[in-house]
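Written below as structure tokens is the structure these notes are about.
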Amino acid sequence: MATVESLNAELAQQTELFNKLRVENAEPSVLEETRKRLAELKAAVKSAAGGKDGGKKKERLLLKTPKGTRDYGPGEMFCREHVERIVKECFVLFGGCQLDTPVFERKDILAGKYGEDAKLIFDLEDQGGEQLALRYDHTVPLARYLAMGGATNTQSKLWQVGKVYRRDNPVMSKGRMREFSQADFDISGLWDTMIPDAEIISLLCTILTRLEVGEFTVKLNHRKLLDGLFEVCGVPAEKIRPISSAVDKLDKLPWSEVKKEMTDEKGLDPTVADKIGEYVKHKGGRALLDQLLADPALTANANAKQGLDEIGILFSFLESYRILDKISFDLSLARGLDYYTGLIYEAVVEASAPPGFKSGDAPAPALPKKKSKKAAADEEEEIDESQVGVGSIAAGGRYDNLVGMFTSAAAGDGKKSQGLPCIGVSIGLDRIFAILWPKWVERGMRSKEVVAYVLSAGDGLLKERMELVQELREAGIATDFLAKNKPKFNAQFAAGERDEVPFAVILGGDELLAGLVTVKEQRWEFVEGKKVKVASTDKGTQVKRSELAQWLKDTPTFKTWSSGKLIRE
């Protein structure tokens, strides 16, 4: 039987081995096995030392959220809800219907759909006889849903908003986390060429414009064009997906680094890599399309020709939607997920790229922060957030075979199965929040829905305050009051100001008898970069109580309240 001393010795050896493998960038499977053995040894040492507490003083509870997750306070949630509300309104505007799927799926549903990113899936191991995993995105669960319905849900527009999970190295300040919110809109069924594709791009541009994210660009490419381009350059068929994944990093890394990955890590001939480099450096619009159509090597390839033709059709549709100026035809865009079959795209803003990258120089690498000496051996390294960009804020593409893949697997060998063409877009709500929140604060945006705050200028008047609050709420006006029997007048005003409520509705004994209330509007402004309440000698406006709800609704403040702005320009 192992002693505490022998277990501690083995634990020290295993810790040293784990740290060595991590420094050497060992295979993920080897690293994971070493990690598991390390955890087993730690548990054994703890048990051998005398059970749960090991005879020692119980450790203090560490109050923190799991790595890659965070809490959002009321002010932040108001901003997030504002973003989500606009996204959902646009989804409905474009004819979508809502869907909801579980946050976890059977592991075999998710397996084999994400290429090199499969290592980022959160594995839940065995749960009641099923191997489960947290969903990586909304696309595969949607395809599973459509396949379960027999792939007969033709010409549908479905949308879903919810949390997804990826076991990636988080960059919290840039909205890159392990638990994050995505909003997806997908069009399924048989439609005429590129019409749903144009609809999705138009929807994306509409949402980003309404969210006021600033100048944005929708980069697009075509998987068939990319595959044809690789074939023309001489990439072996089995290397096309791995090489696509490398090319997709050109928005974060210089060509020299991408070429090194293609040749040193993925075994591509350097001359073939150089040929690819001549193509993927191009981006533009119709002129680039014409240039590629004049390339006889590309047009002789069936995949490349189909991709170019479909992009030409798409350009004509995007012109009708009046969004062609937002589009960049970018041959470096590859999108690493394996299920894409046609058009692919992503939306970027200035904050998407790493610092300094747009200057043409190579960005500083996202180096791990130095770990403290006390850090646990199995603790993952943190990324230097100052050297990382937000990344794309939305992305998607066409995936015509994913539903058919599920129906075929369910039908069994040799049986015919129904497929269903699909195209969709995923909007990263946390990445958009990371961009909008600083602007939200700078512009004096609200943090609460409350429009009216009812106060008493007499002896408490608790029941009277409650009755008026109820009247205003029944009229659809968000209203609050101080939950005290006989609150001081100044304390009530302070509570309303703390929540930045624009209308103070004041009840007094004499006014009650006359059927009147006094309404005082409160305003805020920026002084030396700080938001402060505007001082006023205005005693307020007397309004008939029976007309109060409509009076409030007719004010400019109430009419613009849904914009989120507290300080009006």
Side-chain angles (χ1 to χ4, degrees), residues 94 139 143 154-155 157 185-205 217-233 235 237 240-241 244 247-248 276 279-280 282-347 392 394-404 419-426:
F94 275 68
T139 306
T154 58
Q155 295 196 340
K157 294 180 175 180
F185 189 100
D186 296 79
I187 302 176
S188 65
L190 296 168
W191 305 69
D192 286 344
T193 303
M194 303 311 288
I195 295 176
D197 307 62
E199 271 278 278
I200 290 283
I201 300 294
S202 176
L203 166 66
L204 177 55
C205 290
T217 301
V218 178
K219 301 194 296 185
L220 59 82
N221 200 358
H222 200 293
R223 254 293 167 68
K224 281 188 166 57
L225 169 58
L226 207 54
D227 288 351
L229 185 154
F230 290 152
E231 290 166 4
V232 167
C233 291
V235 178
I240 284 180
R241 283 294 166 264
S244 290
V247 168
D248 197 44
I276 294 172
Y279 279 108
V280 297
H282 291 297
K283 60 184 68 175
R286 286 188 183 276
L288 175 57
L289 177 63
D290 293 340
Q291 178 185 334
L292 296 174
L293 284 169
D295 186 328
L298 277 183
T299 53
N301 180 281
N303 275 330
K305 184 64 166 63
Q306 182 181 346
L308 290 170
D309 289 344
E310 290 187 355
I311 287 176
I313 296 170
L314 178 67
F315 276 172
S316 67
F317 293 159
L318 298 183
E319 193 170 31
S320 297
Y321 282 113
R322 300 194 295 276
I323 54 174
L324 205 52
D325 61 318
K326 299 290 186 184
I327 305 303
S328 172
F329 179 19
D330 190 333
L331 290 180
S332 70
L333 179 66
R335 305 289 301 150
L337 303 181
D338 278 0
Y339 51 65
Y340 289 131
T341 58
L343 184 72
I344 50 177
Y345 38 83
E346 66 180 30
S392 62
R398 174 163 288 282
Y399 53 103
D400 287 346
N401 301 330
L402 190 55
V403 177
L420 192 66
C422 297
I423 184 167
V425 64
S426 297

- Going through the distances and angles, do Phe317 and Ile201 end up as a side chain to side chain contact (heavy atoms under 4.5 Å, CB included)? CA-CA 10 Å; Phe317 293 159; Ile201 300 294; over 6 Å; no
- Evaluation steps, side chain to side chain contact (heavy atoms under 4.5 Å, CB included), between Tyr345 and Asp197: CA-CA 10 Å; Tyr345 38 83; Asp197 307 62; 6.0 Å; no
- Task: Run the numbers on Asp330 and Asn221 for side chain to side chain contact (heavy atoms under 4.5 Å, CB included), then give the verdict.
- Result: CA-CA 6 Å; Asp330 190 333; Asn221 200 358; 5.8 Å; no
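Looking only at side-chain heavy atoms (C-beta outward), Phe329 and Arg286 stay at 4.5 Å or farther from each other. Annotation: side chain of Leu292 is not in contact with side chain of Lys305 (no heavy-atom distance under 4.5 Å). For the pair Leu402 and Cys422, the minimum side-chain heavy-atom distance is 4.5 Å or more. Using a 4.5 Å cut-off on side-chain heavy atoms (C-beta onward), Arg223 and Asn303 make no contact. A 4.5 Å side-chain heavy-atom check between Asp400 and Ile423 finds every atom pair outside the cut-off. For the pair Trp191/Pro421, no side-chain contact is recorded, criterion being any heavy-atom separation below 4.5 Å from C-beta on. With contacts defined as side-chain heavy-atom distances shorter than 4.5 Å, the pair Glu310/Arg398 does not qualify. A heavy-atom distance below 4.5 Å is not found between the side chains of Leu333 and Lys283.
Using a 3.5 Å distance cut-off with no hydrogens or angles, the side chains of Tyr399 and Asp186 do pair a donor with an acceptor.
For Asp325, the CG atom sits in a packed shell: over 12 heavy atoms of surrounding residues, nucleotides or ligands are nearer than 6.0 Å.
Put simply, the side chain of Lys326 never gets that close to the backbone of Cys205: no donor and acceptor are under 3.5 Å apart.
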